[in-house]
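The next block holds one structure in the form of C-alpha cells; read it before the comments.
Each chain gets a letter, A, B and so on, in the order the sequences are listed, and its residues count up from 1.
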2 protein chains.
Amino acid sequence: MEAQELKGHLDALILAVLAREPLHGYAVIEALKARSGGRLALPEGTVYPALHRLEAGGLLSSEWSTASGRRRRVYRITRRGERELGVRRDRWRAFSTTIDAVLA
Amino acid sequence: MEAQELKGHLDALILAVLAREPLHGYAVIEALKARSGGRLALPEGTVYPALHRLEAGGLLSSEWSTASGRRRRVYRITRRGERELGVRRDRWRAFSTTIDAVLA
DNA sequence: AACCGAGGTATAGCATCGCTAGGTATGGAG
DNA sequence: CTCCATACCTAGCGATGCTATACCTCGGTT
C-alpha cells in the first residue's frame, strides 16, 4: 500500500508493538498487520534490519528462544526504548498536525 | 525541527500551497513556513530540486518573471498536478490514520 | 566605497533507510 | 514428497531530503 513514505516512522511503530509485549521478528510483522487492519504489510527485509538497528541503538534487547524446533529471536523494549517511544510519539503528533495544517 | 521524516510527503505539501496560487520557489518556502506556524522551515536545497522534479513529472509548469531586477521562476500547478494532489491527500489521510492506530 | 542581510536560483554529492531479491532452515499438511 | 507457513538474514538498490557551496541583485548601514 504505502511505499517509502514510512521513512522515519517505522521505529516508532516497532517500539509501540513491543511496548505491549516482547515478540520475535515474524510476530512483530504480524502484530503491525493486525493493529493496522491489514494496511501495514511490511516485508521482512524492512523489519529485520530495523530490529537490528534498534537493538544496536540500545532501544531493544533480544535473546534466542526455541519453540518446537524453531529458533526465534525475541525482542524486548528497554527502558531507553520506552523513553524513546514517548519522544517518537510526540514527534509523530507534531509532524502529523503540521502536515494536516498545510494540506487542509 | 523534523529531519528525514518528511520523506514521501513533501510533494503533497508543495502541490497544496501551489493549488492556492502560483508562487516562485522562495515564496513556496515562505508559504510552507507560514502555513505550518513556522514549524516547516525547509532549506532551499530541499525545495528547489523538488520543484524541478514535480515540473519534470508534469505536475507543475513554470515561467520566468522579472520583478525589480530580480529573476524569479514562477510555478503553477497543472491539471495533472491537481489530480495528483487529490491522490496524495487521500494517501496522507490513510497513512496518518494507520500510524495513529498502531501508535495509540 | 565597502559591507551585509534579505531576496532569489541552482546543483553536486552525501546520508538515510525502506524495499527487492535472494538465500537458509524447520515443521506440518496434503 | 511436495508445498506452504513459519522464521531468520543480508547485499545492494532506489528514492529523496539535506548540506554545502556557488552565483546574482537590491537596499540600507558603516
Side-chain angles (χ1 to χ4, degrees), chain A residues 1-15 22-34 36 39-57 59-60 62-75 88 91 95 98-99 102, chain B residues 1-15 22-34 36 39-57 59-60 62-75 88 91 95 98-99 102:
Chain A
M1 152 202 179
E2 45 245 38
Q4 74 290 5
E5 56 188 341
L6 200 55
K7 281 258 165 105
H9 309 288
L10 175 61
D11 291 2
L13 297 176
I14 293 178
L15 290 174
L23 294 170
H24 62 278
Y26 200 86
V28 167
I29 294 176
E30 305 257 282
L32 288 170
K33 205 178 299 178
S36 67
R39 281 165 293 176
L40 271 179
L42 304 186
E44 299 155 17
T46 292
V47 176
Y48 286 120
L51 290 169
H52 300 335
R53 201 195 321 140
L54 289 168
E55 185 173 18
L59 306 181
L60 298 179
S62 76
E63 51 181 28
W64 285 106
S65 88
T66 313
S68 61
R70 282 195 177 98
R71 70 200 242 279
R72 301 166 163 178
R73 187 184 279 280
V74 176
Y75 292 89
R88 299 296 191 116
R91 201 142 82 195
F95 175 74
T98 302
I99 305 299
V102 177
Chain B
M1 153 201 180
E2 45 245 38
Q4 74 291 5
E5 56 188 342
L6 199 56
K7 284 260 164 102
H9 309 289
L10 176 61
D11 291 2
L13 298 176
I14 292 178
L15 290 173
L23 295 171
H24 60 279
Y26 200 86
V28 167
I29 294 176
E30 306 256 283
L32 287 171
K33 205 179 299 178
S36 67
R39 280 165 293 177
L40 270 180
L42 304 186
E44 300 150 16
T46 292
V47 175
Y48 287 119
L51 289 169
H52 301 335
R53 202 198 317 143
L54 289 168
E55 185 174 17
L59 306 182
L60 298 180
S62 76
E63 52 181 26
W64 284 105
S65 88
T66 314
S68 63
R70 282 193 178 102
R71 70 201 242 279
R72 301 166 162 176
R73 188 183 279 279
V74 175
Y75 292 89
R88 299 295 190 117
R91 202 141 79 193
F95 175 73
T98 302
I99 306 298
V102 177

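Residue A:R73 contributes atom CZ, which lies 14 Å from atom C1' of D:dT10 at whole-angstrom precision. Atom CD in A:E5 sits roughly 15 Å away from atom C1' in D:dG17 (whole-Å rounding). In this structure, B:L6 atom CG and D:dA15 atom C1' are separated by 14 Å, rounded to whole Å. One can place CG of A:L32 at 12 Å from P of C:dG18, the figure rounded to the nearest angstrom. Rounded to an integer number of Å, the gap from CG of B:L10 to P of D:dT16 is 10 Å. Taking atom NZ of B:K33 as the reference point, atom P of C:dG8 lies 12 Å away to the nearest angstrom. Taking atom NE2 of residue B:H24 and atom C1' of nucleotide C:dG8, one finds them 7 Å apart after rounding to whole Å. At whole-Å resolution of the value, CZ in B:R72 and P in D:dC26 are 12 Å apart.
Closest heavy-atom contact between A:P49 and A:E44: CD-O, 3.7 Å. Considering all non-hydrogen atoms of both residues, B:H9 and A:F95 come closest at CD2-CZ, 4.1 Å. Closest of all the heavy-atom pairs between B:G25 and B:V47 is O-CG1, 4.4 Å.
Side chain of B:K7, nearest nucleotide from C:dT9, C:dT20, D:dA15: D:dA15. Comparing C:dT9, D:dC8, D:dC18 by their closest approach to the side chain of B:Y26 singles out C:dT9.
For B:R71, there are no salt bridge (Lys or Arg N to Asp or Glu O under 4.0 Å) partners at least two apart in sequence or on another chain. Not counting sequence neighbours, the partners of A:R72 by the side chain to side chain contact (heavy atoms under 4.5 Å, CB included) test are A:H24, A:S65, A:A67. Every residue two or more places apart in sequence or in another chain that forms a side chain to side chain contact (heavy atoms under 4.5 Å, CB included) with B:L10 is listed here: B:L6, B:I14, B:L42, B:T46, B:A50. With sequence neighbours left out, B:H52 forms a side chain to side chain contact (heavy atoms under 4.5 Å, CB included) with B:Y48, B:Y75.
Nearest-nucleotide mapping onto DNA chain C: of B:T46 and A:H9, the residue sitting toward the 5' end is B:T46.
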| message | Assess the residue pair A:D11 and A:R53 against the criterion (side chain to side chain contact (heavy atoms under 4.5 Å, CB included)); give the C-alpha distance rounded to whole Å, side-chain angles, the decisive distance to 0.1 Å, and a yes or no. | response | CA-CA 9 Å; A:D11 291 2; A:R53 201 195 321 140; 2.9 Å; yes
| remark: The contact string for nucleotides 21-30 of chain C, one letter per nucleotide 5' to 3', using protein heavy atoms under 4.0 Å with B, S and - for base, sugar-phosphate only and none, comes out as B----BS---
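Within residues 48-57 of chain A, the residues having any heavy atom under 4.0 Å from DNA chain D are, by residue number, A:Y48, A:P49, A:H52.
B:L40 CG to B:I29 CD1: the interatomic distance, rounded to the nearest 0.5 Å, is 11.5 Å.
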